[in-house]
Number of protein chains: 2
Amino acid sequence: MYPQLKLDNQLCFRLYTAARLITASYTPFFKKFGITYPQYLVLMLLWEKDNQVVGDITERLLLETNTVTPILQRMEKQGLIIRQKSKADSRKCIVSLTNEGKRLEEQIKEVPNCLAHSILEEGMEIDDLKAMVPLLDKLIGTIGKQTKQKE
Amino acid sequence: MYPQLKLDNQLCFRLYTAARLITASYTPFFKKFGITYPQYLVLMLLWEKDNQVVGDITERLLLETNTVTPILQRMEKQGLIIRQKSKADSRKCIVSLTNEGKRLEEQIKEVPNCLAHSILEEGMEIDDLKAMVPLLDKLIGTIGKQTKQKE
DNA sequence: CTTTAATATATCGTGTGCGATATAAAAATA
DNA sequence: TATTTTTATATCGCACACGATATATTAAAG
């Protein structure tokens, strides 16, 4: 009846589906390391810069502590990171890589290339992937702006 | 160290974030109807064509029954749909709208337009949104192809 | 210096997603 | 027809997301 209520006309459903499918395509690579996609995001941040506080991580991932804290707790239990209170400000919690967490970088570094490669082999073109980046950044920026306005 | 392991270089993280933020922007509109984004997806399918079997729904949403069945059970408990076994093939489960489920269409029909409008007001351009659609479709098609190959 | 407000993180409850497995019915095969 | 295989859906367990709330610590105000 209403064309705007048809699934095929909705950008949001495409984003929802694309995100699910592409993160799922990471899963087989992560399986032998016992990590998940969100845990991989945390590891990337720490590989880039170790010893960050929880707030740094939530800010980069655009997630809240109610999501990130449980992820960090699981990662600590698995021995990938440690969490310790800051001495300067004991409200803050500093997240650091263990040796095991550091070692994973070498083992995982080929995964993103590998996935990109297999997507390109299946008909997707590099220019298509490149074209999406600024569009997604603009969209994320726009929606993020709205979200902030309501606070 | 490895540029491909930087968050800022990853398409997947952008998709993951964009999907989260855009579906979250639906939430305030759904709140007064007590539904969620995935429940809204099911409703849209049924508004388009009532009395579909579970398999039709999983196929359109690219989800499995382990996700869809619990959603349908919650929707049935809320009185939005009913589920009944097919008489022709009692393995199949036919999902139908209740009157309440049907009534929601009128109340929700402006939501997608409303969201699109507010995104456009904040600097996103209509051409940007339109440009994303075929790119996402191509990506979804490509990853879907890979997923099927492994079966 | 005490009270109040702001900040940083954690906890709790609910609803997905999804891998793995179970169940039941229909279809195919022996 | 009895057995096996396939199909359709459901169940279970775990890890997110996220709204709401709680806790602890620091900063600001009185």
Side-chain angles (χ1 to χ4, degrees), chain A residues 13 16-28 30-42 52-59 61-78 80 83-95 147 150-151, chain B residues 13 16-28 30-42 52-59 61-78 80 83-95 147 150-151:
Chain A
F13 175 66
Y16 160 84
T17 301
R20 279 196 310 107
L21 295 182
I22 198 168
T23 57
S25 70
Y26 274 88
T27 303
F30 290 158
K31 199 172 180 182
K32 66 171 157 179
F33 306 116
I35 64 170
T36 64
Y37 183 74
Q39 291 175 15
Y40 163 71
L41 295 179
V42 172
Q52 298 194 54
V53 298
V54 173
D56 296 334
I57 296 171
T58 62
E59 191 178 2
L61 300 185
L62 302 178
L63 289 166
E64 314 260 320
T65 61
N66 54 3
T67 299
V68 170
T69 296
I71 293 173
L72 295 175
Q73 288 168 340
R74 284 176 218 112
M75 293 175 77
E76 187 170 36
K77 199 178 291 180
Q78 290 181 256
L80 298 173
R83 299 184 310 143
Q84 45 197 154
K85 290 205 167 184
S86 162
K87 283 170 188 166
D89 181 344
S90 72
R91 288 173 303 183
K92 293 185 179 175
C93 175
I94 299 171
V95 182
T147 311
K150 287 174 188 166
E151 283 165 11
Chain B
F13 174 66
Y16 160 83
T17 301
R20 278 198 309 108
L21 295 183
I22 199 168
T23 57
S25 70
Y26 274 88
T27 303
F30 291 157
K31 199 172 180 181
K32 67 170 155 178
F33 306 115
I35 64 170
T36 64
Y37 183 73
Q39 291 173 13
Y40 162 71
L41 295 179
V42 172
Q52 299 195 55
V53 298
V54 173
D56 296 335
I57 296 171
T58 62
E59 191 179 1
L61 300 185
L62 301 178
L63 289 166
E64 314 258 322
T65 61
N66 54 3
T67 299
V68 170
T69 296
I71 292 173
L72 296 175
Q73 288 169 340
R74 285 179 214 108
M75 292 175 77
E76 186 170 36
K77 198 179 292 179
Q78 289 181 256
L80 297 173
R83 299 185 309 143
Q84 43 197 155
K85 291 205 166 183
S86 163
K87 284 171 188 167
D89 181 344
S90 72
R91 290 172 303 180
K92 294 186 180 176
C93 174
I94 299 171
V95 182
T147 310
K150 286 173 187 164
E151 283 165 13

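Side-chain atoms are counted along with the backbone in the values below, which use heavy atoms only and exclude waters and symmetry mates.
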Cys93(A) has a side chain; which of dG17(C), dA8(D), dA10(C) sits nearest to it? dA10(C)
Of the non-hydrogen atoms in Val95(B) and Arg83(B), which two are nearest, and what is the gap between them? CG2-CG, 4.5 Å
Is the base of dA8(D) touched by the side chain of Thr65(B) through a donor-acceptor pair closer than 3.5 angstrom? no
Angle between ring planes, Tyr40(B) versus Tyr26(B), binned at 30° and 60°: parallel, tilted or perpendicular? tilted
Once you round it to whole Å, what is the distance between P of dG17(C) and CD1 of Ile57(B)? 15 Å
Which residue, Asp89(B) or Tyr16(A), contacts DNA chain C at a nucleotide closer to its 5' end, judged by nearest heavy atom? Tyr16(A)
note: Tyr40(A), atom OH; dA15(D), atom P; distance rounded to Å ~ 20 Å
Would you name the heavy atoms of Thr65(A) and Pro70(A) that are closest together and state the gap between them? O-CD, 3.7 Å
Can you find a donor-acceptor pair, distance only, under 3.5 Å between Asn66(B) side chain and dG17(C) base? no
Heavy-atom donor-acceptor pair, Thr69(A) side chain to Asn66(A) backbone, under 3.5 Å: no
For DNA chain D, whose closest nucleotide is more 5', that of Thr67(B) or that of Thr67(A)? Thr67(B)
Gln73(A) CD - dA10(C) P separation (whole Å): 7 Å
What integer distance in Å separates Gln78(B):CD from dT14(C):P? 13 Å
What about Arg91(B): does its side chain form a donor-acceptor pair under 3.5 Å with the base of dT9(D)? no
Please determine, for the side chain of Val53(B), which listed nucleotide (dA10(C), dT9(D), dG17(C)) has the closest atom? dT9(D)
Both Arg74(B) and Gly55(A) contact DNA chain C. Which one's nearest nucleotide lies toward the 5' end? Gly55(A)
Could you tell me whether Thr36(B) contacts a base, only the sugar-phosphate backbone, or nothing, with contacts defined as non-hydrogen atoms closer than 4.0 Å? sugar-phosphate
Write down the distance between NZ (Lys31(B)) and P (dG19(D)), rounded to a whole number of angstrom. 9 Å
Just call it for Ser90(B): base, sugar-phosphate, or nothing, with non-hydrogen atoms closer than 4.0 Å on any strand. sugar-phosphate
Separation of dT7(D) atom P from Glu64(B) atom CD, nearest Å, is 14 Å
Starting at NZ of Lys92(B) and ending at C1' of dA27(C), how long is that distance when rounded to a whole Å? 13 Å
With no hydrogens and no angle check, is any side-chain donor or acceptor of Arg74(B) less than 3.5 Å from a backbone partner on Gln39(B)? no
Closer to the 5' end of DNA chain D via nearest nucleotide, is it Ile71(A) or Val68(B)? Val68(B)
To the nearest angstrom, how far is Leu72(A) atom CG from dA8(C) atom C1'? 13 Å
